[in-house]
S.K.: 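Below is one structure. I have some questions about it.
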Amino acid sequence: MSPSPLIARTVPALRRTVDNLRKRKATIALVPTMGALHDGHVSLVRLAKRRASRVVVSIFVNPTQFAPTEDFGAYPRTWKSDIAKLAAEDVDIVWHPGVEAMYPEGFATRIVPEGPALAGLEDRFRPHFFGGVATVVGKLFMQCRPDVAIFGEKDFQQLRVVTQMARDLDLGVKVIGSRTVRERDGLAMSSRNVYLSAEERQTATTLYRAMKESAGRIRGGEAIAPAMARGAEMIKAAGFALDYYEARHAATLAEVTSRKDGPLRILVAAKLGTTRLIDNIAV
């Protein structure tokens, strides 16, 4: 049986542990999470182990990225299961701060990202979100001081925002994207999937099928606009309330009109019942 990882709950304790690893010439990979770990998170940990000699996984449900209309308290928390998964993967350190450790009394500094954070995708519907993400991830990078940090491609706009921030602020962290892990029927693994009813779970696969169809049409030479319109109709016909369904430049998230505009990514966000799902694929 694998030993449990060391659990740090304060910044001084975390830094002492990381400093000791550094003295032994260790390289550090960070996998930031909000817990409720599934096989997608495990894939991030496994990639981290290939990219560094020691792995830190953070578990922190970040209140600053939740809007007043979103239930921070209802976000799934599965601590015992999470630790068991991380122990099985031989993770070295779990960084598990409380809110008071991340945002102590008098906390008054925030990171306000631009560029891909203002692409008109998630930011249109959750304008608070990327400021909260950038601030907490910036703190995690400075607390853990990793060589590399692993983020899933499922949250593609987030990946672009964090990559830009690390580069712009000279944080010395290489941000690496990891491919989306999917269920056998194509649904992207997500902590929010537990909210889907059995019927909704079957319907949810429509997102992936629609993206694959639109991508195939674009690769086959069809213009972007009609190819995307067909996919959007397919999603709405399945019963989703569609927030966005767009083809964007894969690096900048800028709007595109032709496949010649650069590498493309299809991104979608839609609500099924009370559950909001996001996903994306390369074209």
S.K.: Roughly how far, to the nearest 0.5 Å, is NZ of Lys271 from CG of Leu277?
M.R.: 11.0 Å

S.K.: State, with a plain yes or no, whether a side-chain heavy atom of Pro113 is found less than 4.5 Å away from one of Gln164.
M.R.: no

S.K.: Is there a path from Leu47 to Leu159 through hydrophobic residues (I, L, V, M, F, W, Y) whose side chains come within less than 4.5 Å of each other?
M.R.: no

S.K.: Could you walk me through whether Phe151 and Val161 satisfy the side chain to side chain contact (heavy atoms under 4.5 Å, CB included) test, starting with their C-alpha distance in whole Å, then the side-chain angles of each, then the deciding distance to 0.1 Å, before giving a yes or no?
M.R.: CA-CA 11 Å; Phe151 288 80; Val161 169; over 6 Å; no

S.K.: Taking the basic N atoms (NZ, or NE/NH1/NH2) and the acidic carboxylate oxygens, is any pair closer than 4.0 Å for Asp279 and Arg182?
M.R.: yes

S.K.: Donor-acceptor pair, Ser178 side chain versus Gly152 backbone, under 3.5 Å?
M.R.: no

S.K.: NZ/Lys260 to CD1/Ile224 distance, rounded to the nearest 0.5 angstrom?
M.R.: 11.5 Å

S.K.: Answer with yes or no whether the side chains of Lys85 and Ser81 bring together a donor and an acceptor at under 3.5 Å.
M.R.: yes

S.K.: Working note: Arg15 + Val18, criterion side chain to side chain contact (heavy atoms under 4.5 Å, CB included); need CA distance, chi angles, decisive distance, verdict.
M.R.: CA-CA 5 Å; Arg15 285 192 169 155; Val18 171; 5.7 Å; no

S.K.: Look at the side chain of Ser191 and the backbone N and O of Ala36, then say whether any donor-acceptor pair between them is shorter than 3.5 Å.
M.R.: yes

S.K.: Shared ILVMFWY cluster between Val57 and Val137, side chains joined below 4.5 angstrom?
M.R.: no

S.K.: Can a donor-acceptor pair be found, under 3.5 Å and without considering hydrogens, that links the side chain of Lys49 to the backbone of Glu89?
M.R.: yes

S.K.: Got a donor-acceptor contact below 3.5 angstrom from the Arg77 side chain to the Tyr75 backbone?
M.R.: yes

S.K.: Spell out, yes or no, whether Ile7 and Val91 are grouped together once hydrophobic residues are joined by side-chain heavy atoms under 4.5 Å, including indirect joins.
M.R.: yes

S.K.: Taking side chain as C-beta onward, heavy atoms only, is Thr275 less than 4.5 Å from Asn193?
M.R.: no

S.K.: Does the side chain of Val283 reach to within under 4.5 Å of the side chain of Arg219, using non-hydrogen atoms?
M.R.: yes

S.K.: Look at the side-chain heavy atoms of Ile, Leu, Val, Met, Phe, Trp and Tyr, link any pair under 4.5 Å apart, and say whether Leu30 and Val11 land in one connected group.
M.R.: yes

S.K.: List for me each residue that meets side-chain contact (heavy atoms from CB on, under 4.5 Å) alongside Ala227, sequence neighbours excluded, and say none if there are none.
M.R.: Arg217, Ile218, Glu222

S.K.: Would you name the heavy atoms of Lys212 and Ile281 that are closest together and state the gap between them?
M.R.: N-CD1, 3.7 Å

S.K.: Just wondering, do Ile28 and Arg22 contact through their side chains at under 4.5 Å, heavy atoms?
M.R.: yes

S.K.: Near Arg124 CZ, under 6.0 Å, is it more than 12 heavy atoms from other residues, nucleotides or ligands?
M.R.: yes

S.K.: Find out if a path of hydrophobic residues (ILVMFWY) with successive side-chain heavy-atom gaps under 4.5 Å connects Leu272 to Tyr195.
M.R.: no

S.K.: Using a strict 4.0 Å threshold on nitrogen-to-oxygen distance, state whether Glu233 and Arg230 make a salt bridge.
M.R.: no

S.K.: Quick one: does Ile93's side chain get under 4.5 Å of Leu21's, heavy atoms only?
M.R.: yes

S.K.: Provide the full list of ring-ring contact (aromatic ring centres under 6.0 Å, His included) pairs with a residue in residues 94-138, sequence neighbours left out, each pair given once.
M.R.: Trp79-His96, Tyr103-Phe107

S.K.: If every non-hydrogen atom of Ala188 is compared with every non-hydrogen atom of Lys154, which pair is closest and at what distance?
M.R.: CB-CD, 3.6 Å

S.K.: Looking only at non-hydrogen atoms, find the nearest pair between Glu153 and Asn280 and report the distance.
M.R.: O-ND2, 2.8 Å

S.K.: For the CG atom of Leu169 and the CE atom of Met142, what is their distance to the nearest 0.5 Å?
M.R.: 7.5 Å

S.K.: Do any N or O atoms from the side chain of Asp82 and from the backbone of Lys80 form a donor-acceptor pair under 3.5 angstrom?
M.R.: no

S.K.: Measure the OG1-CD1 distance between Thr33 and Ile59 for me, rounded to the nearest 0.5 Å.
M.R.: 4.5 Å

S.K.: Kindly indicate, with the supporting measurements, whether the criterion side chain to side chain contact (heavy atoms under 4.5 Å, CB included) is fulfilled by Val148 and Lys174.
M.R.: CA-CA 5 Å; Val148 298; Lys174 180 177 177 60; 4.0 Å; yes

S.K.: Between Gln157 (side chain) and Glu122 (backbone), is there a donor-acceptor pair under 3.5 Å?
M.R.: yes

S.K.: Examine distances only and state if a side-chain atom of Arg265 and a backbone atom of Ala250 form a donor-acceptor pair shorter than 3.5 Å.
M.R.: no

S.K.: Run the numbers on Ile278 and Asp155 for side chain to side chain contact (heavy atoms under 4.5 Å, CB included), then give the verdict.
M.R.: CA-CA 7 Å; Ile278 66 171; Asp155 299 285; 3.1 Å; yes

S.K.: Is any side-chain heavy atom of Phe156 closer than 4.5 Å to one of Leu253?
M.R.: yes

S.K.: Can you tell me how far OG of Ser58 sits from CE of Met102, rounded to the nearest 0.5 angstrom?
M.R.: 7.5 Å

S.K.: Minimum heavy-atom separation for Pro32 to Ile150, with atom names?
M.R.: CD-O, 3.5 Å

S.K.: Could you tell me which non-hydrogen atom of Ala269 sits nearest to which non-hydrogen atom of Leu242, and how far apart they are?
M.R.: O-CD1, 3.7 Å

S.K.: May I ask you to decide if Ala210's main-chain N or O and Tyr245's side chain share a donor-acceptor pair within less than 3.5 Å?
M.R.: yes

S.K.: State whether the side chain of Thr27 and the backbone N or O of Ser53 hold a donor-acceptor pair below 3.5 Å, judged by distance alone.
M.R.: yes

S.K.: Looking at every non-hydrogen atom in both residues, tell me the closest pair between Phe240 and Thr203 and how far apart they are.
M.R.: CE1-O, 3.8 Å

S.K.: Donor-acceptor pairs under 3.5 Å, side chain of residues 37-44 to any protein atom, not counting sequence neighbours: which ones?
M.R.:
unit_1: His38; atom_1: ND1; unit_2: Gly40; atom_2: N; d: 2.9
unit_1: His41; atom_1: ND1; unit_2: His38; atom_2: N; d: 3.0
unit_1: Ser43; atom_1: OG; unit_2: Gly40; atom_2: O; d: 2.6

S.K.: Can you tell me if Asp261 uses its side chain to pair, donor with acceptor, with the backbone of His249 under 3.5 Å?
M.R.: no

S.K.: Once you round to the nearest 0.5 Å, how far does CD1 of Ile235 lie from OH of Tyr208?
M.R.: 13.5 Å

S.K.: State, with a plain yes or no, whether a side-chain heavy atom of Arg276 is found less than 4.5 Å away from one of Asp243.
M.R.: yes

S.K.: Using side-chain heavy atoms (C-beta onward) and a distance below 4.5 Å, is Asp185 in contact with Arg201?
M.R.: yes

